Amino acid sequence: MVEGMSEDILDPTKKEKRRNGTGVSKGHHASQSPRLIDIAKKVGVSVQAVSLVLRGAEGVGPAMREKIQKEVQRIGYRRNRFASKFFSKKTKTFGVVVPQLAESWIGLLAEELHHNAVTIGFDTEIFLTNHDPVQEEKVLDDLVGMRVDGIALVSRYWRMSDIPSTHYIKVMKEEAQRVPIVTSSLILGSGVPAVSHDLYQGVRDAVIHLAGRGHKNFALLAMTNESVERVSSYRYRIGGFRRGLRDAGLPDAGQIISAQMPKVVMSAQVTKGNQTPLWTISRPNTDYYKTTIRELVKRLFAATPRPTAVICANDIIAIHIIRAIEAEGLKVPDDFAVVGCDDTYLAEMAAVPLTTISLDLKSQAQQMIAELLSFQHPDYRPPRERRISPRLVVRESA
C-alpha cells in the first residue's frame with residue numbers, strides 16, 4: 001500500500017460494505033463465487049430446495065420460493081449451465097453446424113433454428129465448418145462428446161462418396177442412432193433424414209412464369225466449384241430448369257451459364273485398406289464473390305442467342321445482374337427479366353424489386369427441430385426426406 005493512503009481510498013467499496021453490513025460472510029471469500037449452500041444456509045432450507053427454485057421446478061411453496069429468489073438476487077448467484085448439463089441425462093441443447101454465415105439464407109436458417117430451440121426451452125451451440133469436410137467431421141464428433149440432444153447439419157455435400165473421409169460415414173451412420181441428426185439437404189448414403197426445399201419445383205415454376213410472359217430464350221446463372229457442384233440444390237436447380245423448359249414447350253431454349261469461383265484448396269488423406277489416396281477438394285473463397293459475378297455478367301452478355309429471361313442461383317447474384325444490365329443502358333424487365341432465389345430482405349429493397357423463389361426458412365427450421373424431437377420416441381422411423389415447397393414471389397424485375 002502507498003504510504004499515507006488508506007485502504008478505503010484504494011477500495012472505496014470496503015467502507016460502503018461496512019456501513020451496510022454486506023461484507024463478505026464468514027467462510028465465503030471474495031474470490032469465491034456464490035454457492036447454493038450459501039443461499040440454503042442464509043434462508044434456512046436444503047440445497048435441494050434452492051435447486052428446485054432455480055430450475056423452476058415444483059416442490060417449494062410460494063412464500064419460501066420468493067424468499068429464496070430474493071436471496072439469489074442479493075447474493076448475485078449465477079447458475080452454471082454447463083455444470084448442470086454435464087451431470088444431467090439431457091443437456092437440452094441442439095448443435096447447429098453450418099459451413100458459413102455470410103451466405104444470407106444460411107445465416108437466416110441458423111437464426112430460425114436457434115429461435116425454435118429457445119421457444120421450447122433448448123439452447124443451441126452453433127459451429128462453422130468453413131466448407132471443410134474434415135472440420136465438419138470434427139465438429140460432429142465434438143457435439144456427440146458434448147452429449148447434445150440433436151444436431152441440425154447444413155452440409156455442402158450431396159453424397160457420402162463426395163466426402164474424403166471414411167470415418168465421417170461411420171460418424172453419420174452410427175452416431176445418428178445415438179445422437180439424432182437431421183440435414184438441410186439430402187446426403188445420399190448417410191442414412192440421415194433431411195428437411196429440404198424443393199428447388200426443382202421452384203425453378204420449374206419460375207421458367208413457366210417467364211414463358212407465360214412471352215420469353216423464348218432463358219439462362220440459369222450459377223457460381224460453381226468442386227464443392228458447389230456436389231450440392232444437391234445445384235443439381236435440383238438444373239433439373240427444374242430443364243423440366244420447366246420442356247413443360248413450356250421450349251426444350252432447347254435454355255442455357256446454363258456458370259463461372260468458377262476462386263477457391264481455397266485443401267487436401268485430405270483417406271485410408272482405405274493398404275492404399276492411402278490423396279483427395280484434393282476446395283471450398284469457395286467468398287472474398288472474390290464480386291469477381292465471379294462480373295464473369296457471369298460477361299458470359300451472359302456474350303451468350304448466343306442472348307437470353308431475355310435470367311434465373312439466378314440467389315438474390316445477391318440477381319441484384320448484381322440487374323445493376324450490370326442497367327449500366328449497359330438496358331432495362332429490367334423490358335430487355336431482361338431477372339429472377340432470384342432466397343427472398344431475403346434484399347429482394348424487396350433492390351433498385352428494381354426482385355422477383356424471386358421464396359424459401360420458407362421458418363418452416364424448414366420448425367420441421368428440422370420437430371424431427372430431432374421425434375427421435376425421443378424409440379419406435380420413430382423418419383422419412384428419407386421432407387421437401388418444403390417454395391413460392392414464386394412476383395415483383396417488378398419479372
Side-chain angles (χ1 to χ4, degrees), residues 55-59 81-82 84-98 109-110 112-127 129 136-155 157-163 165-201 232-233 236 359-390:
R55 288 188 283 114
E58 300 295 330
R81 290 190 306 112
F82 295 102
S84 60
K85 287 180 178 183
F86 182 79
F87 289 107
S88 65
K89 292 182 180 179
K90 294 289 184 181
T91 61
K92 298 205 76 175
T93 300
F94 290 133
V96 177
V97 183
V98 297
L109 178 59
E112 290 294 340
L113 287 166
H114 172 76
H115 171 73
N116 279 275
V118 169
T119 300
I120 59 173
F122 278 68
D123 293 323
T124 57
E125 297 289 342
I126 299 177
F127 289 83
T129 64
E136 193 170 286
E137 175 192 326
K138 180 182 180 301
V139 165
L140 285 173
D141 278 336
D142 288 344
L143 286 170
V144 171
M146 292 169 61
R147 302 206 330 246
V148 295
D149 296 303
I151 299 171
L153 172 63
V154 181
S155 181
Y157 300 93
W158 184 51
R159 291 186 299 248
M160 294 312 300
S161 58
D162 292 332
I163 303 172
S165 170
T166 54
H167 178 61
Y168 185 96
I169 299 175
K170 181 181 178 183
V171 169
M172 291 290 284
K173 287 186 175 179
E174 294 184 3
E175 301 299 359
Q177 299 173 21
R178 292 197 291 131
V179 178
I181 302 177
V182 62
T183 62
S184 64
S185 58
L186 186 64
I187 303 178
L188 297 178
S190 69
V192 175
V195 177
S196 62
H197 295 285
D198 193 350
L199 288 174
Y200 183 98
Q201 185 65 39
S232 58
S233 59
Y236 289 151
L359 305 182
D360 190 348
L361 298 172
K362 289 185 177 180
S363 293
Q364 185 180 26
Q366 288 171 354
Q367 291 196 34
M368 290 178 76
I369 295 296
E371 198 72 56
L372 292 175
L373 291 173
S374 296
F375 275 96
Q376 294 179 3
H377 303 286
D379 297 329
Y380 179 67
R381 295 294 179 268
R384 182 168 177 260
E385 183 179 21
R386 298 183 191 274
R387 288 193 190 177
I388 300 171
S389 297

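Predicted model only: the values in this text are computed from it and were never measured.
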CZ of R384 to CG of L188: how many Å apart, nearest 0.5 Å?
5.5 Å
Nearest 0.5 Å, please: how far is CD in Q366 from CG in L113?
10.5 Å
Hey, could you give me the CD1/CG distance between I151 and L143, rounded to the nearest 0.5 Å?
4.5 Å
F122/D149 under side chain to side chain contact (heavy atoms under 4.5 Å, CB included): CA gap, chis, key distance, verdict:
CA-CA 9 Å; F122 278 68; D149 296 303; 3.7 Å; yes
Quick check: closest heavy atoms across L140 and I181, and the distance to 0.1 Å?
CD2-CD1, 4.4 Å
Rounding to 0.5 Å, atoms CE (M368) and CD (E112) come to a distance of 12.0 Å
Tell me the closest heavy-atom pair linking S185 and S155, and the distance in Å.
OG-O, 4.0 Å
Among all residues two or more places apart in sequence or in another chain, which pass the side-chain hydrogen bond (donor to acceptor under 3.5 Å, both in side chains) test with S389?
none
Before you tell me yes or no, could you show the steps for F94 and N116 under side chain to side chain contact (heavy atoms under 4.5 Å, CB included), namely the whole-Å CA-CA distance, both residues' side-chain angles and the distance that decides it to 0.1 Å?
CA-CA 11 Å; F94 290 133; N116 279 275; over 6 Å; no
Please test Q376 against L373 for side chain to side chain contact (heavy atoms under 4.5 Å, CB included), starting from the C-alpha separation and ending with a verdict.
CA-CA 6 Å; Q376 294 179 3; L373 291 173; 3.6 Å; yes
Is the shortest heavy-atom distance from the side chain of F375 to the side chain of P193 under 4.5 Å?
yes
Among Q364, E385, R387, Q367, which residue satisfies the side chain to side chain donor-acceptor pair (under 3.5 Å) criterion with S196?
E385
Apply the test side chain to side chain contact (heavy atoms under 4.5 Å, CB included) to residues S184 and V154: give CA-CA distance (whole Å), side-chain angles for both, the deciding distance (0.1 Å), then the verdict.
CA-CA 5 Å; S184 64; V154 181; 3.5 Å; yes
Spacing of L199 atom CG and I388 atom CD1 [to the nearest 0.5 Å]:
11.0 Å
Heavy atoms of V148 and V179 approach each other most closely as O-CG1, 3.8 Å
With a 3.5 Å distance limit and no angle check, can you tell me whether S363 reaches the backbone of D360 through a side-chain donor-acceptor pair?
no
Which of V98, V97, T129 passes side-chain contact (heavy atoms from CB on, under 4.5 Å) with L153? Answer is V97
Once rounded to the nearest 0.5 Å, what's the spacing between atom CG of D123 and atom OG1 of T93?
4.5 Å
